[in-house]
Amino acid sequence: MSTRVLTKNFDVENYADIGIYLRYGGYQALKKALKAMQPAEIQDEVRRSQLVGLGGAGFSTGTKWGFIPKGTDLPIYVVVNADEGEPGTFKDRYLMAKAPHQLIEGIIITAYAVGAHLAYIYIRGEYANEIRILEKALAEAREHGFSGKNILDSGFDLDLYVHPGAGAYVCGEETGLIESLEGKKGWPRIKPPYFPAAIGLLGCPTIVNNVETLSHVPHIIERGAEWFVGLSKSGMNGGTRLYGVSGKVEQPGLYELPAGTPLREIIYDHAGGVRGGKKLKAVVPGGLSAPMLTADEIDVTADFPSMMAAGTMAGSGGVIVMDEDTCMVDVLRVVTRFYHHESCGQCTPCREGTGWMARMVERLWRGEGVPGDLETLLDVARNMLGNSIGVMAKFAPHFWQPVLDATPCESSTICLLADAAAMPVVSCVVKFRDEFEQHIRDGKCGLVHGSE
Amino acid sequence: MSVEFSPEAKAEFDDLISRYPQRRAALLPVLHLAQREFGFISPEVEDYIAGLIQLSPTKVREVVSFYTLFRTKPRGKHLIRFCQNISCHLLGSEDLLAYLRHRLALKGDGHDQTTSDGLVTVEAVECLGACELAPVMQVDDEYVGPLTEALIDETLGWLRGVEGPASACNETLGSQHDERLEDGQTR
């Protein structure tokens, strides 16, 4: 049974060309939206479809669109988050390379639905090929009258541009992205008051949506909310999802599956299981920021609410697999180094905490850990969880309530990078504590193939 | 040394500026353009761009220094970004990066080094967004992976063997890339 929607035509030669896209029914949804639907109807359809933010937040897309203040006389902007920087995630790259017009059609419908006349695709600068593909596709769309003035004689105008980022993980956070789009360093903004729907790009109401999220929109408009809900195996999230599987699996790659496909099925039935027939040790289920699961914890469906209940996050859909030979201290060394590198430096708990964690784990990994290090490490991490620990403890008390109880204060930071850095640390140290203690005790890794 | 866009680059600059309600918003795309034109963002280039955008040079400096893709010193003819994040690390990227550095006779473990003949600059970077190709590196604009020592040797062979502009080299590497993409990784 094929459930492919977004990737259905990935194998069609030159599907990135507008002629081929049109031959396969492209831009029909846009025609339907502009000619037969009111903006409010589109918002309602998308809300009922249970489409959620697939960059990692999992928040209802239709509801998010509804946050644009009614009757505002400011210009409204749509910004596409194509900054895809969450380690383990590569789905948006495929969507832009293989089906750029699907995304563009989704953006135009979205802009019509929220009343925007200017939209930007903020794409990470490393995606040089995808930038070229999108530039070409945008020119084609303009030539065909799908963007620009009076689109398809509807009276609706939209200008749409590609905006390359320049290498900063924090710009994937929507207010950091907006700052960056304004020509500044990507320091996230404090919310409230800077909720983008109210005060976004250049102080105007702005909708920021992920590439995968918007690529779904034409299909929802064409085939309806009920069809979209029916694609899913989850009661809460509609449609399909792109799961990107990487690490120690036989067949790393991108798999489009019903939202709420069991994690075990994704790893074993689709990605071919653990490489070389080894035993599974750990899984990061939704991009690097998602708390780690042990091999015993993967019987969970990969939708947002189920993952929350399991104490982790569906996040970006990036599934990273680790086998029995993986040294978890070594893994955490790489994880903490990354967040230290990417902390923007604006908030003290994050700027200092990520550095502390990276240096401590590096020392543990070198075999220079001392008793008490793990408590200090966990203490630093707990002090960085102020934004999310309450929510995590509410949804997954079995794991996070003791963490919350041990947290001295709920200090918080402007964005979630601190939380994203701390959650992998807490989950890894608590769940694989023996390995960390062994490193401290023996001064080296106990695994045959582990780190030095 | 006076810094100035070529007429073609100036036209591109004007087009970029026209895309935004505010000049400053064009800063990142304009800095990319400047880097293509001048090779890297020197203090002189910063001043020039600041003048064009009508922004103080310190605001330009602040942006240049915040983002990793903007270079403040020259680089080799080819740029290799070598991913060291988790999926690549699990599959041996650390050893492969050491191998690449060894083959290019780069000393130490600096994160941004250029060969003495100016052919290649190697940067160790965080996730490149191509984890299905792990361990992966990006050679100029093309992804090359999953890496082995043999594939690194082969890639360096291309870089050394290809005369003329980098684009010709990209074509060769592109075939490798496309082959992987068409492997039917989507189900």
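Residue numbering restarts at 1 for every chain, and letters A, B, ... go by the order of the sequence lines. Keep in mind that this is a model prediction, so the values were computed, not measured.
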(request) Please confirm whether the backbone N or O of B:Leu119 pairs with a side-chain atom of B:Thr115, one donor and one acceptor, at under 3.5 Å? (result)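 Checking the backbone N and O of B:Leu119 against the side chain of B:Thr115, a donor-acceptor pair under 3.5 Å is found.
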
(message) When you measure from the side chain of A:Arg275 to the backbone of A:Lys248, do you find a donor-acceptor pair of N or O atoms at a distance under 3.5 Å?
(response)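 No; judged by distance alone, with no hydrogens or angles, the pair does not exist.
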
Heavy-atom pair count under 4.5 Å with chain B, highest-scoring of [options]:
options                                : result
A:His163, A:Glu84, A:Lys91, A:Lys8     : A:His163
A:Cys171, A:Ala128, A:Ser180           : A:Ser180
A:Gly125, A:Ser246, A:Gly183           : A:Gly183
A:Leu242, A:Val331, A:Val170, A:Asp159 : A:Val331
A:Pro75, A:Ala168, A:Gly244, A:Pro164  : A:Pro164
A:His341, A:Met322, A:Glu342, A:Arg337 : A:Arg337

(request) Have a look at A:Thr7 and tell me which of A:Glu256, A:Gln102, A:Lys98 forms a side chain to side chain donor-acceptor pair (under 3.5 Å) with it. (result)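 Testing A:Thr7 for a side chain to side chain donor-acceptor pair (under 3.5 Å) against A:Glu256, A:Gln102, A:Lys98 leaves exactly one candidate, A:Glu256.
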
(message) Check for me whether A:Arg93 meets the cation-pi criterion with B:Tyr143, that is, NZ or CZ under 6.0 Å from the six-membered ring centre and within 45 degrees of the ring axis.
(response)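 Judged by the rule (NZ or CZ under 6.0 Å from the ring centre, within 45° of its axis), A:Arg93 counts as positioned above B:Tyr143.
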
Using heavy-atom distances under 4.5 Å, tell me whether [X] contacts chain B through its side chain, its backbone, both, or neither.
X        : result
A:Glu182 : backbone
A:Val284 : neither
A:Tyr161 : side chain

(message) Once you measure the plane-to-plane angle for B:His102 and B:Tyr99, does it fall in the parallel (<30°), tilted (30-60°) or perpendicular (>60°) bin?
(response)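 B:His102 and B:Tyr99: tilted rings.
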
(request) If the plane angle is over 60° it's perpendicular, under 30° parallel, otherwise tilted; pick one for B:Phe5 and B:Phe38. (result)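 Ring orientation, 0 to 90° scale: parallel.
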
(message) Counting the benzene-type ring for Trp, do B:Phe70 and B:His32 have ring centres under 6.0 Å apart?
(response)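 Yes, close enough.
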
(message) Under a 4.0 Å threshold between the charged nitrogen and the carboxylate oxygen, would B:Arg103 count as salt-bridged to B:Asp153?
(response)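 Counted as a salt bridge, because a side-chain N and a carboxylate O are separated by less than 4.0 Å.
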
Output the option from [options] having the highest count of non-hydrogen pairs under 4.5 Å with chain A.
options                            : value
B:Arg81, B:Gln22, B:Lys59, B:Gln84 : B:Gln84
B:Leu27, B:Ile86, B:Leu31          : B:Ile86
B:Cys83, B:Ala134, B:Pro21         : B:Pro21
B:Leu16, B:Asn85, B:Val64          : B:Asn85

(message) Just checking B:Arg61: does its CZ atom have more than 12 heavy atoms from other residues, nucleotides or ligands closer to it than 6.0 angstrom?
(response)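 12 or below, so no.
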
